[in-house]
Amino acid sequence: MADGAITRAARQGARPSAGQHAAGDAVARAGLMPWAPCWMGCGIGLWFLLPAQPRAGAAVAAVLSAAIGLWLWRLRREDSAAQALRLFGFALMLAASGFGLTSLRAARVEAPVLTFRYYGPVEGRVIEIDRSGRDRLRLTLDQVRISRIAPENLPLRVRLSLPDGVRATPPPGTRVMLTGHLGPPPGPAEPGGFDFRRAAWFERLGAIGYTRAPVMIAAPPEPGGAMRLHRLRMRLSAAMQDRIGGQEGAVAAALMTGDRSGISEATNRMMRDSNLYHIISISGLHMGMLAGFVYAALRLLVVAVQAVTQRGTTLPAHKIAALGGIIAAGGYLWLSGGGVATERAFLMVAVMLGAILADRRALSLRTVALAAVVILALAPEALLTPGFQMSFAATVALILIYPPWLRWGRRLPWLVRPVAMLVLSSVVAGFATSPIAAAHFSRMAHYGVLANLLVVPVTGVLIMPMGPVAALLAPLGLEGPALWLMGRGTEWMLAVGAWIAGLDGAVSYVVQPGPWVLPLMGLGALLTLLSARDDRPPWRNARQLAGAAMILAAALSWLSTPRPALLISRDGDAVGLMTSQGRAVSKPKGGSFTVREWLEKDGDIATQAEAASRPGWTGQVKRRMARMGGAEIWHLTGKGSDRAAAEICAPGRLILSDQDLSGLSGGCLVFDALRLRDTGAVSWRGETLAEGFTTTRQVTGLRPWSY
C-alpha cells in the first residue's frame with residue numbers, strides 16, 4: 001500500500017520511546033491500510049442502502065469508478081493537491097470495489113425462493129443439523145424435490161424443524177422424505193428490524209418450515225464425496241458428547257466441531273445472559289487460542305531440538321511454528337464445519353501468522369485490515385453481521401492498547417502482570433463490543449467482564465489445548481484424560497455462566513437505536529483511533545475531535561430514539577400499542593416471536609402475557625379495541641372477522657386483522673392479511689390515520705429478498 005508522499009506523511013510522529021512505540025505510532029506505521037476496509041465498507045453499505053437492486057449499469061459505473069480511483073492513487077506528483085487527489089482516489093477505488101464485489105456476490109448466490117405456503121411431501125439430502133430457538137432439532141436439505149413446483153422454481157435449500165422430543169437425526173448425506181409445512185423466510189418483525197429474508201437469501205435458503213411427521217430415509221448416504229467428511233465430523237461430535245456427557249459434552253463438541261445441535265436453548269440463553277455466548281460460537285478467540293497453542297508448542301519443540309542436538313545452524317523456529325499454526329488452524333476450520341464466522345477467524349489467523357513468514361509484525365493494524373479486506377471481498381454481506389463488527393472492534397482495540405501496555409505493564413510485579421493484562425484486555429474488548437451488541441440485540445450483560453475473567457483463562461489453558469491433544473492421542477486409545485480435562489473446563493464454564501446469569505440485574509434491555517446510530521458511531525470511533533498521533537494531543541487534533549463529535553452525536557441520537565406508537569405484525573396476529581406503562585399488546589398469545597422482538601427493541605423486560613395485561617385494550621379476545629388520539633383501533637382475528645369488520649368500519653377507525661377483509665366499505669383504514677402480505681409489518685408514528693405509517697416494503701425497497 002506504500003505510496004511515496006502518503007507513506008511519508010503517515011509515518012510522521014512515529015518516535016520510539018524507550019524502545020517501544022505508543023498507540024499513535026502503531027497507527028502511523030500502518031499507513032493507509034487500516035482505511036481500506038473502511039472505504040470498502042462504505043461501498044458495500046451504499047449497495048445495501050439502495051431502494052432497488054442495482055442494474056448492470058451500476059456495476060459498469062463501479063468498475064469505471066474503481067479504475068479512475070486507481071489512476072488518481074498512482075499520481076506521481078509531490079504537491080499537496082496531488083496528495084489530496086491520491087487520497088481521494090484511494091477512497092474511490094476501494095468504495096467502488098466494495099460496491100462492485102457486492103453486486104457480484106449477489107448475482108452468484110441468487111436462487112429461487114418459495115413465495116407461498118406449502119403443505120405436502122418434501123424430499124432432499126441432509127446437509128446440516130442444528131437446533132431452533134424453540135429447542136427443536138432442525139434439518140437443512142439440498143437437492144430438494146417438492147411436488148407441484150417446477151424444477152426451475154425449486155428452492156436450493158430448505159430448513160425444517162422436527163417435532164418435540166426427537167433426539168436422533170439421519171447423518172449428513174442421507175436422502176430423506178417427510179411431510180412438511182413450508183413457507184418463505186419471514187420478514188422483519190417491524191420496519192427497520194432485522195431482516196432474516198436477506199440473511200437467508202445470501203445463504204441460498206429458499207424456504208423454512210416444520211414437520212409433525214416422522215422423517216423417513218429415502219436413500220442412505222453415498223460412501224464418498226464431501227458429505228463423508230461432514231459425517232466424520234458429526235461422529236466425532238457424537239463421540240465427544242457421549243464420552244464427556246451432559247451439556248458439558250455438548251459445549252465441548254460445539255467448541256471443537258462446530259456442532260451445536262446438542263446445546264439446549266436454556267444453555268444458550270444462560271450463556272447470552274452471562275455474556276459468554278461468544279465462547280460457544282467458534283470465532284477468532286478459539287482459532288487464536290488453538291493456533292497460539294500450536295505455535296508456542298512447536299516453537300518450544302524446535303528450540304529444544306536445537307539445544308539437544310547442539311547443531312551450529314539455527315532453525316527458523318518462529319517460521320516453522322507459524323506454518324504449523326496455519327496448518328492447525330486449517331484443520332480446525334475443516335473440523336468445525338467452515339461456517340462464516342469460522343472462515344473469518346481462519347483468515348485473520350492465517351494473515352497474522354503469514355506475516356511472521358514474511359518477516360512482518362504478526363499483530364498489527366495492517367494485518368487486521370488485510371484480513372477484513374479479504375473477508376469483505378469474499379462475503380460482503382458479513383459487514384452487516386454483529387460477529388464481523390464485534391470481532392474486528394475487539395481486535396483493533398486490543399492492538400491499540402498493546403504498545404502502552406508494553407510501556408507500563410513491565411513496571412508491575414511479574415506475578416501481577418498476567419492478571420492485570422487479562423483484566424485490561426477483558427475491559428477493553430468489552431468496552432469496544434458492548435455498544436455493538438446492545439445495538440443489535442437490545443440487551444446488555446452487566447457482569448460480562450467478570451464472567452469472561454473467570455472463563456477465558458480456563459478456555460485458553462484447559463479447554464482448547466485439550467482438543468488437539470485428544471486428537472493426537474485418539475489413535476492410541478489414550479484420549480480419555482484429555483477429554484476428561486476438557487469436560488472439567490466446560491463444566492466450570494457452565495457453572496460460572498449459571499452463577500452470573502442468576503445475579504440480580506445481570507441483564508437489561510436497551511432501546512433499539514435508529515439505523516444511522518451504529519454506522520455513525522463506528523465511523524467516529526475509526527476516525528478518532530486512526531487519526532492518533534503522538535506529537536499532538538487529542539484536543540488539538542481536528543480529525544480526532546470530529547470523530548469524538550460523531551460518537552457523541554450517535555450517543556445522543558440513541559438516547560432520544562422514539563419507538564413507534566403502534567406496531568402491526570406481518571401476519572396481522574399481533575398488535576402493540578405504546579402506553580405510559582410500556583407497550584400493551586392485543587393478545588396474551590399469538591405472534592409470540594414478533595411480540596418478544598418488539599418488547600426487546602423497546603428495552604422492555606416484560607413477557608407477552610404481562611404486556612397484554614397492561615391497560616389499553618378492551619373487548620373480547622377476537623375483537624379487541626383501543627384508542628390512540630382521536631382514532632379507534634380494532635384488532636379482529638379468526639373466523640367471523642369479516643362480519644365484525646363490516647359492522648365496525650367507519651371513518652376515523654383503523655381495522656387490523658389476520659383474515660382477508662377485501663371488499664370492505666365504510667371509510668375505515670384497513671390492514672388485513674391480504675394487504676399485510678404485500679406491505680409486511682407496519683409501524684405508526686403519526687397523530688392521525690392520514691399520516692405516519694411506515695411499512696416494511698417501504699424500508700427494504702425492491703430487493704430480490706423483499707418478495
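Source: prediction; values computed, not measured.
Interatomic distance, D573 CG to S657 OG, rounded to the nearest 0.5 Å: 10.0 Å. Note: L676 CG to T696 OG1 = 9.5 Å, rounded to the nearest 0.5 Å. F196 contributes atom CZ, which lies 15.0 Å from atom CH2 of W201 (distance to the nearest 0.5 angstrom). Separation of atoms CZ (F48) and CZ (R703) is listed at 7.5 Å; rounding is to 0.5 Å.
Heavy-atom neighbours of R627 CZ from other residues, nucleotides or ligands within 6.0 Å: at or below the threshold of 12.
Ring planes of W684 and F693: parallel class, angle under 30° (limits at 30 and 60°).
The minimum heavy-atom distance between G638 and D658, with the atom names listed, is N-OD1, 3.2 Å. The heavy-atom pair separating Q512 from R563 by the smallest distance is OE1-NH1, 3.7 Å. Shortest non-hydrogen contact noted between V699 and G192 is CG1-N, 3.9 Å. For the pair Y509 and D604, the tightest heavy-atom approach, listed with the atom from each and the gap, is CD1-O, 3.8 Å. Looking at every heavy atom in both residues, S641 comes nearest to Q659 through OG-CG, 3.7 Å. For the residue pair T579 and P615, the shortest heavy atom distance occurs at CG2-O, 3.7 Å.
Put simply, the side chain of E632 never gets that close to the backbone of L654: no donor and acceptor are under 3.5 Å apart. Between the side chain of D273 and the backbone N or O of A506, no donor-acceptor pair lies under 3.5 Å. A donor-acceptor contact shorter than 3.5 Å links the side chain of R570 to the backbone of G187.
Between R197 and T700 the shortest side-chain heavy-atom distance falls below 4.5 Å. You'll find the side chain of V113 stays beyond 4.5 Å of the side chain of P704, heavy atoms only.
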Item to check | salt bridge (charged side-chain N to carboxylate O under 4.0 Å, His left out) between R157 and E203, intermediate numbers included | outcome: CA-CA 9 Å; R157 296 178 180 177; E203 294 178 17; over 6 Å; no
Checklist entry - Given the rule in the side-chain contact (heavy atoms from CB on, under 4.5 Å) test, do Q389 and H440 qualify, once you have shown the distances and angles that lead to the verdict? => result CA-CA 10 Å; Q389 298 167 10; H440 282 283; 2.8 Å; yes
